[in-house]
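This report refers to the structure that appears directly beneath it.
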Amino acid sequence: MAKGTSTLVGHPETGLNCGRNFPVASYDLDATLASGQAFRWRLHKGEWTGVIAGRWVALRAGDDSIIARTVLPQTDWNWLADYLQVELDMAGVLTTFPDDEPMRNAVAACRGLRLLRQDPWECLASFILSSTKQIVQIQQIVSLLCERYGEAVSVAPGFPPVNAFPSVQKIAGLTEADLRACKMGFRAPYLLATARLIESGQLDLANVAKMPVVEARAELMQAPGVGRKIADCVLLFAYGFQSAFPVDVWVMRALKDLYFPRRRPKLKRLHHFSQTYFGPNAGYAQQYLFHYMRVKKKYAAVA
DNA sequence: TACCAGGAGAGCG
DNA sequence: CGCTCTCATGGT
């Protein structure tokens with residue numbers, strides 16, 4: 001049996017199986033799953049484990065491929081192909097970046113970094129919880145929330161138990177005290193009010209996907225606790241609006257240091273710059289700058 | 001210990 | 001508007 005297909009557990013007559021090999025080029029799975037766009041992936045004995053659309057899945061990087069396995073046999077794997085965006089032409093995206101030194105450095109330092117296509121509710125809720133929190137803390141809050149209020153999913157033997165991300169209805173039915181007990185502090189009333197806004201039908205997350213980006217952003221920003229930055233994260237990480245360019249403290253620093261040295265550009269100016277300078281895949285460029293700043297700081301701390 | 005974290009919203013002049 | 005302050009918690 002060829003290497004790379006060894007994890008396939010096929011049922012030849014039905015086509016059902018619990019394993020799948022996705023061919024990919026220029027895909028750094030480790031960097032992507034740990035890059036602060038999704039908060040639920042855990043590395044367990046060489047595999048990244050997570051829950052997508054209620055299904056437990058384990059991923060590992062193969063030779064120019066991503067090897068996936070689930071607990072239950074799958075009739076199709078579109079849900080995972082879509083989440084991982086394995087069909088994206090990464091080389092093509094890179095050609096749309098501005099050809100300047102900062103971007104060349106960022107691309108060189110983060111080769112294979114990708115954007116995922118997450119569930120809108122999980123993404124929105126997670127980023128409401130992200131404000132002025134470090135990524136490790138966001139991971140802790142989200143996992144506590146799932147542990148307490150998510151539904152259990154089937155896990156492969158030998159792996160730690162895990163729950164799905166709690167539904168809108170589940171969160172909407174909780175109290176602020178329940179949420180504060182998950183260590184989210186002042187973000188608790190925001191998450192609760194947003195869940196109830198969605199449950200009431202006043203905010204329709206499925207409908208946001210059909211809107212032009214500017215309207216979609218305004219729609220998301222109706223939700224309490226959702227400003228420009230969090231809205232842009234959801235537009236980029238869940239809805240695939242590749243022009244969305246979240247400006248957080250890291251990206252702010254990157255833009256100032258790399259493009260506006262010895263000046264004090266205002267946030268408004270940086271937003272305008274981000275939408276005119278980085279091209280149609282500005283959001284991708286943003287993720288490269290974000291990750292570049294973080295790995296650069298890590299090396300600086302060691303040295 | 002002191003500072004800071006993938007911010008948002010309210011209050012102020 | 002544009003600036004400042006507060007909000008809750010814990011990592012480094």
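In what follows, chains are A, B, ... by sequence order, proteins preceding strands, each numbered from 1.
- Summary of the strand contacts: A:Arg253 and A:Pro224 both lie near DNA chain B, and taking for each the nucleotide with the nearest heavy atom, the more 5' one is attributed to A:Arg253.
- Here C:dG11 is the nucleotide among B:dG6, C:dG11, B:dA5 with the atom lying nearest to any side-chain atom of A:Val136.
- The distance from atom CG of A:Leu236 to atom C1' of B:dG6 is 12 Å, rounded to the nearest whole Å.
- Taking the six-membered ring where tryptophan is involved, the planes of A:Phe241 and A:Tyr239 are tilted, since the angle between them lies from 30° to 60°.
- Comparing atom distances between the A:Arg187 side chain and each of B:dG9, C:dA8, B:dA5 picks out C:dA8 as nearest.
- Here, C:dT4 and B:dG6 have their P atoms 23 Å apart, quoted to the whole Å.
- Using a 4.0 Å heavy-atom distance criterion, A:Phe39 is classed as making no nucleic acid contact.
- Counting non-hydrogen atoms under 4.0 angstrom, A:Gln287 reaches a base of the nucleic acid.
- Using atom C1' as the reference point in both C:dG10 and B:dG9, the two lie 23 Å apart (nearest Å).
- At the heavy-atom level, A:Phe290 lies under 4.0 Å from base atoms of the strands shown.
- Checking side-chain atoms of A:Arg187 against main-chain N and O of A:Ser131 turns up a donor-acceptor pair under 3.5 Å.
- Looking at which nucleotide of DNA chain C each of A:Ser131 and A:Gln140 is closest to, the 5′-most match is held by A:Ser131.
- When the side-chain nitrogen and oxygen atoms of A:Gln137 are compared with OP1 and OP2 of C:dA8, none of them lie within a distance under 4.0 Å.
- In this structure, the side chain of A:Asp119 engages the main chain of A:Glu122 through a donor-acceptor pair within 3.5 Å.
- Minimum atom distance to the side chain of A:Lys183 is reached by C:dG10, of the listed B:dA5, B:dG7, C:dG10.
- With hydrogens and angles disregarded, a donor-acceptor distance shorter than 3.5 Å links the side chain of A:Asn163 to the backbone of A:Cys146.
- Among the nucleotides B:dG9, B:dG6, C:dT9, the one closest to any side-chain atom of A:Lys133 is C:dT9.
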